[in-house]
Each structure stands twice: as structure tokens, then as C-alpha cells.
S.K.: 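Take this structure first; my questions come after.
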Protein chains: 2
Amino acid sequence: MSVVTIERKVLEKNEAVADQNRRLFAGHGLFVLNMVSSPGAGKTSLLEETIARLRSRVRIAVIEGDVQTDLDARRVEKYGVPVVQIVTNGGCHLEARLVQDAAASMDLAPVDLLVIENVGNLVCPANYDLGEALKVVVASTTEGDDKPLKYPAMFRNASVLVINKIDLLPYLKSDLKTLRANALQINPRLEVFETSCTTGEGMEAWCAWLERQVKGSRTT
Amino acid sequence: MSVVTIERKVLEKNEAVADQNRRLFAGHGLFVLNMVSSPGAGKTSLLEETIARLRSRVRIAVIEGDVQTDLDARRVEKYGVPVVQIVTNGGCHLEARLVQDAAASMDLAPVDLLVIENVGNLVCPANYDLGEALKVVVASTTEGDDKPLKYPAMFRNASVLVINKIDLLPYLKSDLKTLRANALQINPRLEVFETSCTTGEGMEAWCAWLERQVKGSRTT
């Protein structure tokens with residue numbers, strides 16, 4: 001038995017559970033995001049700012065994935081939305097089964113938007129479908145503009161790119177145009193947003209788009 | 001056969017090759033670093049600045065590990081040091097065998113310091129010994145001060161922490177003291193440096209320490 005075979009079996013099994021998740025989410029009319037990024041790109045901050053802006057119009061719930069600690073769940077909880085923390089205990093990505101278990105512990109009926117925040121890792125979560133509608137990759141300007149070329153699978157498998165921490169651009173060598181061009185070279189269909197959770201710049205455009213997606217999924 | 005068993009076998013096999021690498025490196029009187037971090041924490045920039053400062057006194061060679069592209073090898077090559085690029089082609093970490101293959105293609109006799117730059121990933125490379133003398137984890141101030149708590153294995157298994165991009169601290173909410181305290185809570189034996197590759201701050205202390213390590217390993 002080769003490692004490749006094991007990996008394929010793991011992915012096939014994950015895919016089957018992801019399909020079960022997708023049916024469960026569809027049954028509840030839920031729109032589901034899988035947020036991925038490097039550690040510290042600002043997924044949790046983006047989520048906090050998104051909840052603060054949308055919670056009066058969209059009913060949001062959150063599943064947090066982390067290698068260790070419930071620090072992120074505690075941050076999100078303060079915004080008054082239901083949140084479940086998955087601790088992978090060393091595991092480098094979320095799998096559909098972990099999300100299935102977390103979802104089973106939640107009341108999904110009164111929820112419009114479920115955000116799954118994955119483990120901070122720009123490699124391993126790329127190939128694990130969780131049953132989401134869209135994968136959102138968050139890239140921080142501080143990581144440099146070459147990351148889409150160096151970690152292409154994540155940018156290829158995502159539908160949305162949020163370029164975060166644009167307030168820091170004046171102090172960096174990395175270039176927004178180059179980052180955007182590199183991402184679109186890997187995946188020309190990416191929907192791209194530029195945000196700063198510190199200044200709020202770009203948050204309205206991102207939240208308005210997200211709200212349209214949630215409402216569109218409800219009517220279809 | 002459980003996944004845990006497979007993982008243990010993989011690690012045991014890796015450990016055996018890492019020991020072979022260690023003997024090879026010792027035979028050449030080589031001091032070897034394994035540099036790990038999140039994507040975009042500044043490993044390559046730190047390496048470039050280190051080479052620029054040390055190359056007149058220390059003979060340096062580099063092994064670059066990336067998921068895709070030879071962008072980093074091309075950056076390092078400009079400094080006139082021997083460099084071999086490993087492309088993992090989707091793989092999330094370097095293994096001892098890949099380093100063994102890369103080392104076999106290099107002339108190690110005229111080298112004092114070999115730096116292995118791992119794939120940008122704060123999870124998976126933590127448990128893979130490459131035969132190095134020291135694991136150096138680079139953490140960027142922009143990633144926030146909670147990362148040692150959320151990704152403890154990497155900080156536990158490292159001997160050195162380089163806190164990079166300290167020039168950006170005035171523009172961030174994250175706090176240097178908290179980051180340092182969190183890292184030392186996970187691993188009290190960490191040797192900690194604070195650097196900026198943009199301003200050069202802290203580079204002399206890091207390079208002087210590294211030079212002492214290299215010279216110390218030569219005489220023992």
C-alpha cells in the first residue's frame with residue numbers, strides 16, 4: 001500500500017462526508033464559508049468586523065478550527081453569535097468529519113450564514129472540502145506578493161481572495177498590484193476584495209457582497 | 001492499520017534518515033539550521049540579510065524548500081552562495097530524505113554553515129527532524145502575539161525564536177512583550193532575537209550569535 005493510495009482514500013472519505021454536510025446545510029438554507037489563510041493573516045479579525053457589520057441583517061454562526069486553544073472562539077463569542085471551537089490537537093487542517101460533529105452540536109435552524117475558520121495553514125487545508133459553498137482565502141499584505149505563486153493550490157481552490165491589512169502597505173515593499181496579478185494568474189475566476197480591519201477600509205464592499213451571496217442562496 | 005501507526009512509521013523512518021544526515025554534516029564540520037515559519041514571516045529576507053553580513057567570515061550554503069517555484073533560490077543565489085531548491089510539489093514540509101538528496105548534489109567540504117529554509121507552514125514541519133543542529137522559528141510581529149499558544153509544537157521544538165518585522169510594531173495592535181512571554185511560556189529555553197530586515201535593527205546581535213555557534217561547532 002503506497003502513501004499516495006492512503007492519501008486518495010482519505011480524500012475520498014472526506015469528500016463523502018463533505019457531501020453529507022452540504023446536504024445538511026442546504027436543508028437549513030445555510031450559506032457556508034470556509035476561511036483559510038496563513039497563521040496571522042487576520043481571519044479572526046475579518047470575521048469579527050464582518051459580524052459587527054452584518055449581525056443585524058444576517059444570522060451568523062461560527063465554527064472555529066485551531067491546533068490549540070479556544071482563543072478565537074472566545075474572541076468571536078463576544079459578538080453574541082453561536083460559536084463552536086474545534087481543537088485539532090496538532091492536526092494541520094479541518095476535515096469534513098470534524099465539521100459534521102461540530103455542526104451536530106449546533107442549532108442551525110435560525111442561522112443564515114455559517115463561517116468555518118480553518119486552521120492557519122496555506123498548504124494542507126487546500127484539498128479538504130468541508131461541504132462549504134465557497135472557500136475564502138485571506139492573504140495579508142505583510143506576507144509579500146509572491147504567495148499565490150508559492151502556494152498555488154489554495155488560491156486555485158478558493159473562490160474569493162480577501163487581501164487584508166492594506167493599511168500597512170505604505171510600510172511594506174510588497175505591492176498590491178503584483179499580489180493581485182499573481183493571484184489572478186493562478187486563478188482568473190477569483191473574486192478579490194481589499195480590506196483593513198484596523199481602518200475599516202474595504203469592509204463595506206466585502207460585507208455587501210457577502211450579504212448578497214447569503215440572500216441569493218436563500219432564494220435558490 | 002490505523003493512521004496513527006502510519007504516522008509513527010513515517011516519523012521513525014524520517015528520524016533514521018535525519019541521523020544519517022547528522023553524521024554527514026558532522027563529517028564535514030557543518031553547522032546546520034532548519035528555518036521554519038508561517039508563509040511570509042520573512043525567512044528568506046532574514047537569510048539574505050544574514051548572508052550579506054556573514055559571508056566574508058562564514059562560508060554559507062542554502063537548501064530552499066518550497067511547495068512551488070524556485071523564487072527563493074533565485075533570491076539567495078544573487079548573494080553568491082551555493083543554493084539548491086527543493087520543490088515539494090504540494091508537500092507541506094521538508095523530510096530528511098529530501099534534504100539528503102539535496103545535500104548529495106552539493107559540495108559540502110568548503111561550507112561552514114548550511115541553512116535549510118523549510119516550507120512556510122507553522123504546523124507540519126514541527127515534527128520532522130532534518131538532521132539540523134537547531135530549529136529556528138521566525139515569527140513576524142504582524143501575525144499577532146498569540147501564535148506560540150495556538151501553534152505550540154513549533155515553538156516547543158525550536159531552539160531559537162527570531163521575532164521579525166519589528167519595524168512594523170508602531171502600526172500594529174500586537175505587543176512584543178506578550179509575544180515573547182507567550183513563546184517563553186511554551187518553551188522557556190528559547191533563545192530570542194528581535195530583528196527588522198528593513199531597518200537592519202537586531203541583525204548584528206543575531207549574526208554575532210550565529211557566528212559564535214558556527215565557530216563553536218567547528219572546535220568541538
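So that the names make sense, note that chain A is the first sequence line, chain B the second, and so on, each numbered from 1. This one's a predicted model, so the numbers in the text were calculated from it and none came from an experiment.
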S.K.: Working to the nearest 0.5 Å, report the span between CD of B/E143 and OG of A/S38.
M.R.: 8.0 Å
S.K.: What is the distance from atom NZ of B/K173 to atom SG of A/C197, rounded to the nearest 0.5 Å?
M.R.: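 Output value for this atom pair is 7.5 Å.
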S.K.: Could you give the distance from OG1 (A/T44) to CG (B/D146), rounded to the nearest 0.5 Å?
M.R.: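 Spacing of OG1 (A/T44) from CG (B/D146) equals 8.0 Å.
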S.K.: Could you tell me which portion of A/S140 (side chain, backbone, both or neither) has an atom closer than 4.5 angstrom to a non-hydrogen atom of chain B?
M.R.: neither
S.K.: Would you name the heavy atoms of B/Q68 and A/P152 that are closest together and state the gap between them?
M.R.: CG-CG, 3.5 Å
S.K.: Using non-hydrogen atoms and a 4.5 Å limit, figure out which bit of B/N127 sits close to chain A: side chain, backbone, both or neither.
M.R.: neither
S.K.: What residue, out of B/L149, B/T142, B/T69, has the most heavy-atom pairs lying under 4.5 Å from chain A?
M.R.: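 Of the candidates given, the most pairs with chain A belong to B/T142.
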S.K.: Need one label for B/V123: side chain, backbone, both or neither, based on atoms under 4.5 Å from any heavy atom in chain A.
M.R.: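 Answer is side chain: those atoms of B/V123 sit under 4.5 Å from chain A.
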S.K.: Without swapping roles, check the side chain of B/Y151 against the backbone of A/G120 for a donor-acceptor pair under 3.5 Å.
M.R.: yes
S.K.: Tell me if the CD atom of B/Q20 is crowded by more than 12 foreign heavy atoms within 6.0 Å.
M.R.: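 Above 12, so yes.
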S.K.: Below 4.5 Å, heavy-atom pairs only: which of B/L122, B/V119, B/N121, B/V87 has the largest tally toward chain A?
M.R.: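 Of the options given, most contacts go to B/N121.
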S.K.: Does any non-hydrogen side-chain atom of A/C124 lie less than 4.5 Å from one of B/C124?
M.R.: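 In short, these two side chains touch, coming nearer than 4.5 Å.
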S.K.: Could you tell me which portion of A/L168 (side chain, backbone, both or neither) has an atom closer than 4.5 angstrom to a non-hydrogen atom of chain B?
M.R.: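 Answer is side chain: those atoms of A/L168 sit under 4.5 Å from chain B.
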S.K.: Distance check, rounded to the nearest 0.5 Å: B/D167 atom CG versus A/L172 atom CG?
M.R.: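 Those atoms lie 8.5 Å apart.
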S.K.: If we ignore hydrogens and angles and just use 3.5 Å, is the side chain of A/K150 paired with the main-chain N or O of B/P39 as donor and acceptor?
M.R.: no
S.K.: Is it the case that more than 12 heavy atoms not belonging to B/E191 sit under 6.0 Å from its CD atom?
M.R.: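 Counting neighbours around CD of B/E191, more than 12 heavy atoms of other residues, nucleotides or ligands fall under 6.0 Å, so yes.
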